Amino acid sequence: MFKLKVSFLKMRGIQSVLVVSFVFVLLFPIGKAETEDVVEALVDFMEKLGPGSIQNTPNWGWNVSSDPCTDHWYGVKCDSTNQTVQKIVLEQISLSGTVDFESVCKETSLLLLSLKYNNLTGSLPQEISNCKRLRLLYLNGNHFSGDLPGSLTGLTDLVRIDISNNQLTGELPDMSRNLGLKTFLAQNNHFTGELPNFNYHQLEFFDVSNNDLTGRVPDDTGRFGAKSFAGNPRLCGKELPNACVSKKKDSHGFLMYSGLAILGLIVLVLIGLVILKKRQNLEDANIGTMKKGDKSIKDNGGSSESKVGQSRSEFSITSAENGVVSGSLVLLSPVEAVNGLRFEDLLRAPAELIGRGKHGSLYKVLPNDGIPLVVKRIKDWEISKDEFKKRMQRIDQVKHPKVLPIVAYYCSKQEKLLVYEFQQNGSLFRLLHGSQNGQTFDWGSRLNIACNTAEALAFMHTELKDDKIAHGNLKSSNILLTKDMDSCISEYGLMVVDDGSHNSNAFSVDVYAFGVVLLELLTGKPVQSSGLDLAKWVTSVVKEEWTGEVFDKALVVEGASEERMVGLLKIALKCINGSPDLRPGMDQVATMIVSLKEEDERSLASSDP
Ligand SMILES: *[C@@H]1O[C@H](CO)[C@@H](O)[C@H](O)[C@H]1NC(C)=O
Ligand SMILES: *[C@@H]1O[C@H](CO)[C@@H](O)[C@H](O)[C@H]1NC(C)=O
Ligand SMILES: *[C@@H]1O[C@H](CO)[C@@H](O)[C@H](O)[C@H]1NC(C)=O
């Protein structure tokens with residue numbers, strides 16, 4: 001449709017062409033008229049934005065004698081099949097006028113309008129709802145004022161709206177009808193009144209902090225902490241400085257509540273009695289086993305969730321063959337603590353369960369006067385003794401400083417144990433998602449860990465390609481931190497991909513897993529917590545040009561280079577490609593990250609005074 005108009009203008013005067021065009025115009029008379037309208041409306045919209053000197057940008061467009069799509073107007077993206085405008089992105093270019101929503105919304109196919117970080121003024125009019133299909137609206141970081149139009153709730157396709165950092169007033173609209181809403185950011189404005197309803201369970205980002213809202217925070221907001229509501233002195237709620245004053249109860253209510261309280265008390269006492277009884281039984285049982293000279297609690301494994309550091313009680317690793325202990329450890333690395341240590345000693349030494357997963361348990365073991373060790377106990381690994389031995393020795397031959405060496409192993413039919421030196425600074429998982437105690441985990445350190453891990457993994461992949469031994473279970477809890485806060489990969493090659501036919505794929509499974517680790521480093525979000533599929537979530541957000549929101553707030557606050565964060569994000573997205581064959585090899589990934597790191601270091605050096 002647009003093409004037609006252009007050719008019509010260019011060829012004006014050439015009669016034969018004119019006739020052909022005329023025929024086309026006759027064939028599509030309505031489409032053309034509407035299009036001209038829209039182009040004029042868009043030009044009007046731009047004129048009121050006060051584009052200033054930015055207009056002199058080459059290929060700026062935004063004039064009636066060109067086409068927004070085929071002439072690639074600045075900031076305009078179109079649907080590639082039918083050439084209609086879908087996105088208008090005019091961010092951070094010092095626009096200083098007002099937004100003519102009536103005009104821009106003549107383009108009814110608009111899905112994304114982003115005008116963030118400009119100097120725009122005026123209010124948001126009712127006509128905003130003419131952009132019927134709008135999914136993403138970013139108006140943050142301007143000087144918009146006045147009340148929000150009620151018609152905003154009519155944008156039923158809306159997924160993300162960011163109106164933060166403006167001077168907006170009045171009440172927030174009730175967005176509970178906008179069923180697909182995932183982002184609502186309205187912080188740093190002058191909104192008043194009570195908080196309306198939102199579909200809090202659906203929301204991913206929500207912030208109304210620093211306004212002048214009143215009343216109580218709705219009860220089901222557990223997903224968003226106090227930070228999302230802070231800075232509203234007259235707002236009250238569980239996690240806010242203002243607790244809500246509970247409403248007066250009538251005497252009937254009081255009686256009912258006190259009745260419930262008494263009932264609760266009785267139940268509590270009963271539960272307490274049962275626990276006490278159980279504990280007594282357990283102690284009896286323990287005394288029984290201790291008499292036999294073995295203080296042990298059976299590890300019943302089986303839970304699929306890996307829980308770290310939950311159980312603090314001291315006990316020892318009990319052999320599945322209870323008592324029928326035989327054989328000795330095969331030593332791989334010369335570590336003093338292990339020298340002379342027999343399998344039996346290992347089993348008897350005080351141990352602490354520090355992790356339990358689908359495939360086995362992890363214990364911290366303190367042998368007599370020795371340095372602390374970690375014992376990985378693997379269940380149900382269908383591998384012959386010889387094969388296991390060969391595998392462990394092969395892994396041991398390939399040494400990389402950033403891969404934790406296996407110190408010793410033990411193998412029987414039912415039981416496989418691997419011994420590592422204990423790393424006192426925990427794992428990357430704990431560093432990212434544990435209680436940080438005011439610790440900061442800055443961009444430089446994260447990039448360093450990404451780089452070290454990629455290089456180590458690439459090295460292992462190359463060396464062990466022919467043996468088809470991949471890591472098999474890479475995750476942030478398997479990336480450990482040494483006493484110098486260096487990172488190293490643990491548990492390499494302990495997992496054989498179940499289905500033999502997929503074995504050649506095991507390396508690309510590692511690449512995917514590494515991509516997810518990168519996402520964790522960038523977002524600070526754990527994988528699969530509260531049903532959040534990190535890879536899926538990041539991919540969807542990136543599609544919506546919402547990359548800024550992906551990154552860990554701590555990194556943004558720190559002022560890490562967005563360019564490099566986006567660079568690392570792009571590498572991560574390559575790694576998590578849905579088709580294994582399209583993922584890069586680990587060596588390619590390492591090369592990309594190394595050059596990203598070098599770029600980062602160069603920029604640091606040049607910005608130093
Ligand atoms: C209109 O925009 C197009 C595309 O940027 C440009 O080539 C053309 O010179 C512009 N025309 C006018 C009259 O400014
Ligand atoms: C253009 O195509 C997109 C899908 O590719 C569709 O959603 C939209 O309605 C189309 N627009 C017009 C005007 O046909
Ligand atoms: C924004 O507009 C105000 C007046 O409305 C002006 O004083 C200020 O300099 C402008 N800022 C920028 C960055 O253009």
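One-based numbering along the sequence shown. In listed order, ligands and their atoms are each counted from 1. Predicted model, so just to flag it, every value in this text is computed and none were measured.
Within the 4.0 angstrom cut-off, atom 2 (O) of ligand 1 has one or more protein heavy-atom neighbours. There is no protein heavy atom closer than 4.0 angstrom to atom 9 (O) of ligand 1.
Side-chain atoms of Asn165 do not come within 3.5 Å of backbone N or O of Gly141 as any donor-acceptor pair. For the pair Ser445 (side chain) and Phe441 (backbone), a donor-acceptor distance under 3.5 Å is absent. Side-chain N or O atoms of Asn211 include one that pairs as donor or acceptor with a backbone N or O of Ser209 at under 3.5 Å.
Annotation: atom 6 (C) of ligand 1 to nearest protein heavy atom, Asn63 ND2, 4.3 Å. Looking at atom 5 (O) of ligand 1, its nearest protein heavy atom turns out to be Gly61 N, 3.2 Å.
Taking the six-membered ring where tryptophan is involved, the planes of Phe429 and His433 are perpendicular, since the angle between them exceeds 60° and thus also 30°.
Residue contact check: Ser65 has heavy atoms under 4.0 Å from atoms 11 (N), 13 (C) of ligand 1.
Here the side chains of Leu148 and Leu168 are in contact, with some heavy-atom distance below 4.5 Å.
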